[in-house]
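Here the structure comes first, spelled out in structure tokens, and everything after it is commentary.
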Amino acid sequence: MKQIHAGLIALAAALGGLCHAEQAPLWEAGAGVAALSLPAYRGSDKNHYFILPVPYFVYNGDFLKADRQGVRGQLFDNDRIDLNISASASPPTKSDDVPARYGMPNLQPTIEFGPEADITLWRGAGNIPFLKLRLPVREAFTVTAPRRDVGTIFSPNLNADINDVFGLNGWTLGVVTGPIFATKKQNAYFYSVAPQYATATRRAYDARGGYGGAQMLLSLSKRFDKAWVGAYLRQDTLHGAVYADSPLVAQRSYTSAGVAISWIFGKSSTMVDVK
């Protein structure tokens with residue numbers, strides 16, 4: 001689970017790459033390592049720290065593509081709209097390690113999957129090649145038994161890249177920002193307090209569905225001849241969230257970060273045209 005989580009975070013941060021048409025291998029594969037700092041859950045003041053393996057894989061097929069923009073199939077020929085697969089995850093948390101949750105059931109690791117529509121709002125030239133509206137909808141499930149559905153997440157966001165940022169040749173700055181919405185079942189999993197777990201300092205609380213705050217992610221990455229390096233910084237705010245007054249929310253604004261490096265050890269001898 002931790003490997004999956006680290007891989008997804010690294011892929012989310014992997015916003016480097018070239019935007020003009022050129023010849024590239026049909027596929028490339030590699031592996032590396034990442035160091036990550038993540039909250040136990042959004043709004044928690046307890047952090048998890050990981051040093052984990054991460055995958056690197058690029059596939060430039062006519063129908064199936066896997067690159068910095070995700071895994072997707074070209075279901076129709078349209079240069080403005082892409083249909084992708086969106087994925088995310090959350091780490092396990094022992095409630096006794098989190099003061100706000102002491103004595104409550106542990107949080108099981110979750111994994112999220114669902115469709116994503118990417119709409120290119122503007123296609124430019126030079127150092128800023130595009131501005132996209134991304135519309136991912138994911139269903140979340142616990143990983144360990146007994147497995148259960150823990151709700152739906154909708155996180156529309158704007159995404160843009162800046163190539164050769166600050167005059168640094170080959171370095172790409174990626175920006176992703178937008179609000180987060182979730183169903184009652186998803187918010188209740190993290191922020192509700194059942195009456196039997198209420199204490200003198202933790203009141204019973206029933207989380208409802210709706211707006212869950214916003215995020216901004218900045219990433220910096222570069223592809224070298226046989227390696228890829230990247231880092232990300234993510235700022236979260238829970239101000240205005242429907243569960244902001246939950247006793248399990250210890251802070252309404254926080255920062256998380258990570259760095260990764262992957263070595264590319266194999267690639268196809270077949271070359272194809274890519275953007």
Do [X] and [Y] touch side chain to side chain, with heavy atoms closer than 4.5 Å?
X	Y	value
V165	L220	yes
F181	I153	no
P91	F50	yes
S37	N47	yes
V193	R203	no
S221	W171	no
P136	S155	yes
R123	R80	yes

[X] to [Y] - nearest heavy-atom pair and separation:
X	Y	result
Q108	Y189	N-OH, 2.8 Å
S44	P39	O-CB, 4.3 Å
P115	S86	O-CB, 4.4 Å
H48	P92	NE2-O, 3.3 Å
D161	G174	OD1-CA, 3.6 Å
S95	N106	N-OD1, 2.9 Å

Is a side-chain donor or acceptor of [X] paired with a backbone partner of [Y] at a separation under 3.5 angstrom?
X	Y	result
K222	L168	no
Q186	V150	yes
T120	W122	no
D82	I119	no

Query raised in the report: Between S90 and T110, does any side-chain donor sit less than 3.5 Å from a side-chain acceptor?
Result: yes
Query - Donor-acceptor pair between N157 and T177 side chains, under 3.5 angstrom - result: no
Show me the donor-acceptor pairs within less than 3.5 Å that the side chains of residues 205-216 make with the rest of the protein, sequence neighbours left out.
unit_1	atom_1	unit_2	atom_2	d
Y205	OH	V242	O	3.4
Y205	OH	D245	OD1	2.6
D206	OD1	K184	NZ	2.8
D206	OD2	K184	NZ	3.2
Q215	NE2	D236	OD2	2.9

Query raised in the report: Run the side chain to side chain contact (heavy atoms under 4.5 Å, CB included) check on L158 and L121 step by step: do they pass?
Result: CA-CA 9 Å; L158 292 173; L121 303 177; 3.9 Å; yes
Query raised in the report: Could E28 and K267 be called an ion pair, given the rule that one side-chain N must be under 4.0 Å from one carboxylate O?
Result: no
Requested in this report: Just do the side chain to side chain contact (heavy atoms under 4.5 Å, CB included) check on N60 and W27 with the steps written out, would you?
Outcome: CA-CA 6 Å; N60 297 305; W27 60 264; over 6 Å; no
Hydrophobic clusters here meaning ILVMFWY residues chained together by side-chain heavy-atom distances under 4.5 Å, can you tell me if [X] and [Y] are in one?
X	Y	result
I261	F224	yes
L52	V259	no
V143	L107	no
L38	V176	yes
F154	F141	no

Requested in this report: Give the ring-plane orientation class for Y191 versus Y243, where under 30° counts as parallel, over 60° as perpendicular and anything between as tilted.
Outcome: parallel
Report task. Output, in order, the C-alpha distance, side-chain angles, deciding distance and verdict of side chain to side chain contact (heavy atoms under 4.5 Å, CB included) for M104 and L248. Result -> CA-CA 11 Å; M104 294 183 64; L248 302 181; 3.8 Å; yes
Query raised in the report: Rounded to the nearest 0.5 Å, what separation is found between the CD1 atom of I111 and the OG1 atom of T142?
Result: 11.0 Å
**Report entry** S253/L238 under side chain to side chain contact (heavy atoms under 4.5 Å, CB included): CA gap, chis, key distance, verdict
**Finding:** CA-CA 6 Å; S253 181; L238 272 63; over 6 Å; no
Query raised in the report: Considering residues, nucleotides and ligands other than Y102, do more than 12 of their heavy atoms fall under 6.0 Å from its OH?
Result: no
